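Source: prediction; values computed, not measured. Just the heavy atoms: all of them, side chains too, but no hydrogens, waters or symmetry mates, feed the values below.
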Amino acid sequence: MALEQRIKAAVLEVQEYTHLTWATVRAVFSRPFYFRDVVEQFETIGIGSLTVVLLTGFFTGAALALQSGMTLDQFGARSLVGRLVSASMIKELGPVLTGLMLAGRVGSGIAAELGSMMVTDQINALRALGTDPVRKLVVPRVLACFLMAPVLTVMSDASGLIGGWVIAVVNLNIASGIYWQSVTDALYLGDAWMGIIKPFFLGLVIGTIGCHVGLRTRGGTQGVGRATTNAVVAASVGVIAVDFFVTPLLIELLY
C-alpha cells in the first residue's frame, strides 16, 4: 500500500510540475507582464551568480589543463592541451558546471523565497488581490534563469580557457600563442552552438523546479528548509539528466 501511495504521489508531482511549466510558458506570451520584476530577477540571478560562476570556470579550466598536460606528456603532445580544455569546457563542462552552480545558488534561493511566501500566506494574499502568482512570481524567475544561464555559461567558458592558459604558461611551459592556436583549432561551429543552446534547457529546468518546489512548501519554517534542500537536489539531478538527453539531440542536429 505504501508503494502504491508513493507512486501516486510521484505521478501527482510530475503532473503539477508539468502544469506549472505550461502555465508559465503561456503567461510569458500574454499580458499583464511585470517588466520591473523581470529586471530585478535578471540582476539577482545573473549578476549575483557571476562571481561563483567565474571562479568555478577558472579553477575547472586550470585543473583540466594540469591533469591533461600530465597525460599528454606521455605521448609527447603537451602542446595540444588547449584543444582538450576548449573542447571539454565549451561542449560539456561549462554548461553543466554553470547549471549546477545555478541549481545550488538560484534554485535554493527561489525555493526558499517562494516557500516563505507560501507558509506566511503571502501567495494567498496575492490571489485575493486578483494577482496571478504565476505571472507575478514564477515568470520573472524562470525567464531570468532561461536567459541568463547561456550568458553565464559563456563567461564560465571564457574563464575556464583563461585558467587553462595560466597553467599552460606557468606550469607546462607552453607559449601563449601555441595554447590559443590550439584552442581555436579544436573549436567547430557545432561545438559553439552546443555550448550556447544547452544552457537554455538547463536554465529552464532550474527555474521551473525551484518555483515548483517553493510553491508546494508546507509546514512552516521546517517546511521551508526541506523545500530548499529538495530544490537543490532535484535541480542538480535535473541538470545532469537534461544534459544527458539534450546532448545526443544536439549532436544529431548540429553535426
Side-chain angles (χ1 to χ4, degrees), residues 9-30 32-35 37-46 48-49 53 95-119 122-123 126-127 131-153 196-218 223-224 226-247 249-250:
V11 172
L12 179 62
E13 192 86 16
V14 172
Q15 179 182 350
E16 292 190 355
Y17 172 74
T18 305
H19 176 73
L20 176 65
T21 303
W22 177 241
T24 303
V25 172
R26 285 188 302 173
V28 170
F29 298 101
S30 59
F33 190 73
Y34 298 94
F35 184 75
D37 294 325
V38 174
V39 174
E40 289 178 357
Q41 292 303 317
F42 267 63
E43 181 181 2
T44 302
I45 293 173
S49 304
V53 166
V96 172
L97 288 177
T98 301
L100 291 175
M101 290 301 104
L102 289 178
R105 184 188 178 278
V106 175
S108 61
I110 291 174
E113 190 175 4
L114 297 185
S116 299
M117 297 180 72
M118 280 294 298
V119 299
Q122 294 182 51
I123 303 293
L126 283 176
R127 291 193 178 100
T131 302
D132 184 2
V134 173
R135 295 181 184 275
K136 178 69 174 176
L137 301 175
V138 177
V139 169
R141 288 163 174 79
V142 173
L143 263 184
C145 289
F146 180 75
L147 296 176
M148 291 307 299
V151 177
L152 292 171
T153 299
I196 293 174
I197 295 173
K198 194 183 295 184
F200 283 107
F201 293 94
L202 304 184
L204 178 65
V205 168
I206 294 166
T208 51
I209 288 178
C211 292
H212 169 71
V213 174
L215 292 176
R216 283 180 57 81
T217 302
R218 302 290 186 274
V224 175
R226 286 194 301 270
T228 303
T229 303
N230 293 338
V232 174
V233 173
S236 299
V237 174
V239 164
I240 297 173
V242 169
D243 174 71
F244 174 77
F245 289 108
V246 169
T247 297
L249 176 64
L250 292 179

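Annotation: the span from Ile110 atom CD1 to His212 atom NE2 amounts to 13.5 Å, rounded to 0.5 Å. For the atom pair Ile123 CD1 and Met118 CE, the distance stands at 6.5 Å (nearest 0.5 Å). Of the inter-residue distances, the one linking Leu202 atom CG with Ile197 atom CD1 reads 12.0 Å to the nearest 0.5 angstrom. The distance from the CD1 atom of Ile206 to the SG atom of Cys211 is 11.5 Å, given to the nearest 0.5 Å.
In terms of the side-chain hydrogen bond (donor to acceptor under 3.5 Å, both in side chains) criterion, residue partners of Arg127 (sequence neighbours excluded) are, by chain and number, Asn124. Annotation: side-chain contact (heavy atoms from CB on, under 4.5 Å) contacts of Glu40 (sequence neighbours excluded): Arg36, Asp37. The side-chain hydrogen bond (donor to acceptor under 3.5 Å, both in side chains) test applied to Tyr17 returns Thr208, not counting sequence neighbours.
Applying the salt bridge (charged side-chain N to carboxylate O under 4.0 Å, His left out) test to residues at least two apart or on different chains, the pairs with a partner in residues 209-218 are Glu13-Arg216, Glu16-Arg216.
Looking only at distances, no side-chain donor or acceptor of Ser49 sits under 3.5 Å from a matching main-chain atom of Gly46. Thr217 contributes a side-chain N or O that, together with a main-chain N or O of Gly214, makes up a donor-acceptor pair within less than 3.5 Å.
Ala111 and Val213 get closest at one heavy-atom pair: CB-CG1, 4.4 Å. The heavy-atom pair separating Thr44 from Arg105 by the smallest distance is O-NH1, 3.3 Å. In this structure, Asp243 and Thr247 approach most closely via the heavy-atom pair O-OG1, 2.6 Å. Residue Arg135 comes nearest to Ala27 through the heavy atom pair NH1-O, 3.4 Å, listed as atom of the first residue, atom of the second, then distance. For the pair Leu20 and Leu215, the tightest heavy-atom approach, listed with the atom from each and the gap, is CD1-CD1, 4.2 Å.
Looking at Phe201 and Leu249, their side chains never come closer than 4.5 Å, going by heavy atoms from C-beta outward. Inter-residue side-chain proximity for Met101 and Thr98 is flagged as unmet; no heavy-atom pair is nearer than 4.5 Å.
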All N/O donor-acceptor pairs, side-chain side in residues 228-235, below 3.5 Å, sequence neighbours left out:
residue : atom : partner : partner atom : Å
Thr228  : OG1  : Val224  : O            : 2.9
Thr229  : OG1  : Gly225  : O            : 3.2
Asn230  : ND2  : Arg226  : O            : 3.2

Distance-only donor-acceptor hits, side chain of residues 137-153, under 3.5 Å, sequence neighbours excluded:
residue : atom : partner : partner atom : Å
Arg141  : NH1  : Leu137  : O            : 2.8
Arg141  : NH2  : Glu113  : OE1          : 3.2
Arg141  : NH2  : Glu113  : OE2          : 2.9
Thr153  : OG1  : Ala149  : O            : 2.7

